[in-house]
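Let me begin by presenting the structure, written as structure tokens, before commenting on it.
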Amino acid sequence: MARQSTQLNQGWTFRQHQGPSTEWLPVEKVPTQVHVDLLANKKIPDPFVDLNERAVQWIGYKDWEYQVTFTHEEASSQAENATRDLVFSGLDTFATVYLNGDKILEADNMFVSYRVNVTDRIKAGSEENTLRIVFRSAIVRGEELIEEHAGEHNFLVRQTERSRVPVRKAQYNWGWDWGPILMTAGPWKPVALETYVARVDDVWAQSNVSEDLKTVSGFLFARVGGELSPPDDQVSLTLSMDGKTVFQQTVDVASAEDGLVKVPFKLEEPKLWYPRGYGSQSRYQLNAKLHRKASDAGEIDSLVKLIGFRRTELVQEPDAYGKSFYFRINNVDVFAGGSCWIPADSYLANVPPERYREWAKLVAEGNQVMLRVWGGGVYEEDALIDACDELGILVFHDFQFACASYPAYPSYLKTLEVEARQQIRRLRTHPSVVIWAGNNEDYQVQERYKLDYDLENKDPESWLKSSFPARYIYEHFLPKLVEEEDPGKLYHPSSPWGDGKPTADPTVGDIHQWNIWHGTMNKYQEAANMGGRFVSEFGMEAYPHLSTTRRMATDPGQLYPGSMVLDAHNKAIGHERRMMSYVVDNFRPRHDLGGYTHLTQVVQSETMRAAYKAWRRQWGSPGARRCGGALVWQLNDCWPTVSWAVVDYHLVKKPAYYAIARALRRVDVGVCRTVHDWTQTGSWVDENSGLVTGQVDHTLAARKGTFDVWVVSSATEPVELRLVVRFISVRTGKDVVEPIVNPGVVVAAANSTTDVLQGKALPPSVPHPEDLATKPFSLSDYDPYVVHATVADAATGVVIAADTAWPEPIKYLDLSNRGITFEVSPAGDEVVVEAEKPVKGFVFEEVEGLRLSDNGFDVVPGERQVVKVGGALKAGELLWTCVGAEDASLKIGQSPASSLARR
């Protein structure tokens, strides 16, 4: 008989366990979590709105139970030797499971799936079976575990509170600096009843791509279980692509050791899987079929997976900058520009597969090539990883530990081993998953609290007796499991990790650069000097678009910057002063919600431009890869909030998303001014070196600056370009000097940075300090200008990239009356934006379901910004604003009413 699976997803009820009411309430469907069901039954207010998060904290301290009744009509007609299993794909988290009153399972790990043989307990025919699950409070149980192991460990945390540390559950449920405290419970993944005689549990490949990429060889595996009948039972393993079989072998299960079937294979001229932009995302279909020969039974069970072959290296070699850290896929060096990923929702049971695919599409459409799955959430869903496979997005996946000192007592290691093996096995067939990291920032916790961490001690057993026992997990236990389950898979002990040096060391490993926003709150303009070998976290906060912010508060009186509700929806410590500091450093402050939102978005966008441009420039050339990648914190939100996300909870993109997309296009141009026009410190400071190069006595001092222009390319062949550099007056929109028009072809070196102009003198925009001794300074003497660079395809003349360097800070500039005009296509699917004078931070206000090809850009005279429009709005319905516009929500065709300077 073939395996049959019945999803137990309907007919469930729930209630508070031993609560004040015995009433069972209906559950719409399973998977689910308790907040979802309480909200559906109108027992709680929506925690995503107003201050309601505070009103639902009691839920996390209570126990909950779920129940369903079902029949097993087909049981009586099945083969006598059939096995019946209840399969729990995920229980959140401490769960006791009863079938018809008998306890059949004690679960303690949200990340583990459970299979329970219930053949002797299930009632056949029309008799009803009752399945009941009691979920204990993870907070209460966490505190109990701390007390039970108080003499063994310190349970230190840097984020939220300690009861999370001994609990194998998504850590962000305890709240984080971007998410609410919502302590979930329930059957968060499917529950099914399976009936079978024998089954295929898993199928996978272990492979090696030859150095010349001409062959791939290794082993195909299948794991089978149940009542097997050797030598009658056989397993066929098949590799195929596009309907064509390229390898097939059938073996008797008698040859399987402990149910493991293993066959060698070799393919000539394989089609390889590449990251997006570097080649195709070829995948083979790997099929395992369990069948019985000389019998009417035929196929008993089968399992199909899509797999990809690729050669993967993490290049860590000594060089002029320390020790490199970058990825090489199929012999191609890859600059890993991308994002960090947090869980897609506070209620993960609510997220459908298509929503994960939409997120992955945003990564790909934003020219990003890597997604880092953060260690305080969950091992991500197959739907997300499948989409990354299909779209060519590399996945850097943390094991689920974050910002704490975790224990390593025997029972903890026991459940962790089951968790890790299951998750490594689940994800090992995905070509997108290229590296595992042991944790997120746990070594930083050791540094912060100065715990016992002897780098010279290499004895794992002694680590268990130290105040940092989790070192045993990260440097011994997990890498051992990875090698056993997925030999050759890249493993990195932590993110960040300094390979024996402090985690902030920029010369080795990866770093989390939080001295922008957190820490010393450096200016974002200093990003070029704040990089590392691989920047796996950095970020800047911004408000989401107004369409999302308005959904956070039901009281219109709370829709102003810094209101109680909006502050409650921003979990970052010190966000009020940090966000405002970056705004007032650079722009004339606005205090209305629309205006302030726009300025925070421009600050975030400018931070992304500064960082990605600078660090991608440091990609350099083969043998001199100073920076191997940059991952913004963060791509997404788990609820409607104000955070570092570049796309909000409702998949509405902030301008920063587009700034990243522009910086990561296949061929990009960058321009920077090595000094700015003004100083208020009396010192002349070189922006690149940070060195004081002179002193002046004037509060406002004119300086002779320089500028650089470079091109960076991820193309695997040289690209021929034409370069134009213009110097355009902010006041008049006219070129202040003749443009630099490169008379020849600029050749962008393959997969490298090409410096085109370095240290070129800027035209003067104000009198030099020596002139001020004989002539009083007047602001009318100041004629600030932008440096604007474009590169065009040398053969077609089509502009493929542009960049603009402004005189900073922007707040010193009068950006009123820009002469902005629009041309809307008859179909409403395109709008062209032009301007008579340079425009800073032009932003269309976005809403859920709107699709724009670009946003948050600068506009310079003589150029047309063409934006494709689709989805929720037509082009003529768009609202817009820019720096210097008095109104934060102008309609297409409407110009600012008056000068920003007059307010």
Side-chain angles (χ1 to χ4, degrees), residues 602 605 609 613 655 658-659 662-663 665 667-673 677 707-711 721-746 756-757 760 762-765 783-808 810 813-825 830-844 852-868 875 880-885 890 892-893 895-896:
V602 176
S605 182
R609 174 195 173 274
K613 290 274 187 178
Y658 300 94
R662 291 190 291 269
R665 51 196 157 197
V667 176
D668 189 41
V669 64
V671 58
C672 72
R673 306 164 80 124
D677 282 344
F707 71 98
D708 293 353
V709 176
W710 67 93
V711 176
L721 305 166
R722 301 283 182 180
L723 171 71
V724 176
V725 182
R726 296 173 60 199
F727 307 87
I728 308 167
S729 170
V730 174
R731 283 184 170 180
T732 67
K734 306 298 184 184
D735 289 32
V736 299
V737 295
E738 287 297 314
I740 298 174
V741 181
N742 195 287
V745 171
V746 173
V756 183
L757 301 173
K760 298 290 288 184
L762 284 166
S765 59
D783 188 14
Y785 57 83
V786 300
V787 184
H788 181 70
T790 60
V791 289
D793 183 279
T796 65
V798 175
V799 173
I800 58 176
D803 192 30
T804 308
W806 285 71
E808 294 185 304
I810 303 297
L813 306 176
D814 179 1
L815 294 181
S816 61
N817 304 319
R818 300 287 90 190
I820 299 171
T821 59
F822 302 90
E823 180 183 329
V824 177
S825 66
E830 182 179 283
V831 58
V832 179
V833 186
E834 295 181 275
E836 296 174 357
K837 303 173 187 177
V839 175
K840 186 68 191 171
F842 181 97
V843 175
F844 287 118
L852 301 178
S853 62
D854 202 1
N855 202 0
F857 44 77
D858 297 341
V859 187
V860 299
E863 292 194 2
R864 292 162 54 88
Q865 291 284 351
V866 181
V867 179
K868 302 291 184 182
W880 67 275
T881 194
C882 64
V883 176
L890 293 159
I892 287 285
S895 295

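Between the OH atom of Tyr658 and the CG atom of Leu852 there is a distance of 4.5 Å, given to the nearest 0.5 Å. A distance of 11.0 Å separates OG1 in Thr796 from CZ in Arg722, rounded to the nearest 0.5 Å. Atom CG of Asp668 sits about 9.5 Å away from atom CZ of Arg662, to the nearest 0.5 Å. How far NZ of Lys840 is from CG of Leu813: 10.0 Å, rounded to the nearest 0.5 Å. Remark: Gln865 CD to Phe842 CZ distance equals 9.5 Å, nearest 0.5 Å.
Annotation for Ala794 and Leu721: closest pair CB-N, 3.8 Å, computed over non-hydrogen atoms. For Gly797 against Ala792, the heavy-atom pair with the smallest separation is O-CB, 3.6 Å. The two residues Pro861 and Pro838 make their nearest non-hydrogen contact at CD-N, 3.8 Å. Here the shortest heavy-atom pairing between Asp854 and Val867 reads O-CG1, 3.5 Å. Between Ser853 and Lys868, the closest heavy-atom pair is OG-N, 2.7 Å. The two residues Ile740 and Phe707 have their closest heavy-atom pair at CD1-CZ, 3.9 Å.
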Practice item. Evaluate the side chain to side chain contact (heavy atoms under 4.5 Å, CB included) criterion for residues Arg818 and Val730: first the C-alpha distance (whole Å), next the side-chain angles of each, then the deciding distance (0.1 Å), finally the verdict. Key: CA-CA 9 Å; Arg818 300 287 90 190; Val730 174; 3.9 Å; yes
Exercise for review: Show your reasoning for whether side chain to side chain contact (heavy atoms under 4.5 Å, CB included) applies to Val859 and Ile820.
Suggested key: CA-CA 9 Å; Val859 187; Ile820 299 171; over 6 Å; no
Review point. Run the side chain to side chain contact (heavy atoms under 4.5 Å, CB included) check on Val832 and Phe822 step by step: do they pass?
Key: CA-CA 6 Å; Val832 179; Phe822 302 90; over 6 Å; no
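Listed for the Glu823 side chain is no donor-acceptor partner under 3.5 Å among the backbone atoms of Val866. Put simply, the side chain of Asp803 never gets that close to the backbone of Ala789: no donor and acceptor are under 3.5 Å apart. No donor-acceptor distance shorter than 3.5 angstrom exists from the side chain of Tyr785 to the backbone of Val737, with no hydrogens or angles considered. Between the side chain of Lys837 and the main chain of Ser729, no donor-acceptor pair closer than 3.5 Å is present.
Arg673 forms no cation-pi arrangement with Phe727, by the criterion of a distance under 6.0 Å to the ring centre and an angle within 45° of the ring axis.
Annotation: side chain of Val671 is not in contact with side chain of His788 (no heavy-atom distance under 4.5 Å). Two residues are said to be in side-chain contact when any heavy atoms from C-beta on lie closer than 4.5 Å; Val787 and Val725 meet this criterion. Residues Trp806 and Pro784 have side chains not in contact (no heavy-atom distance under 4.5 Å, counting atoms from C-beta outward).
Using cut-offs of 30° and 60° on the angle between ring planes, the pair Phe844 and Phe857 is perpendicular.
Each of Leu723, Val791, Val709 was compared with Val746 under the side chain to side chain contact (heavy atoms under 4.5 Å, CB included) criterion, and only Leu723 meets it.
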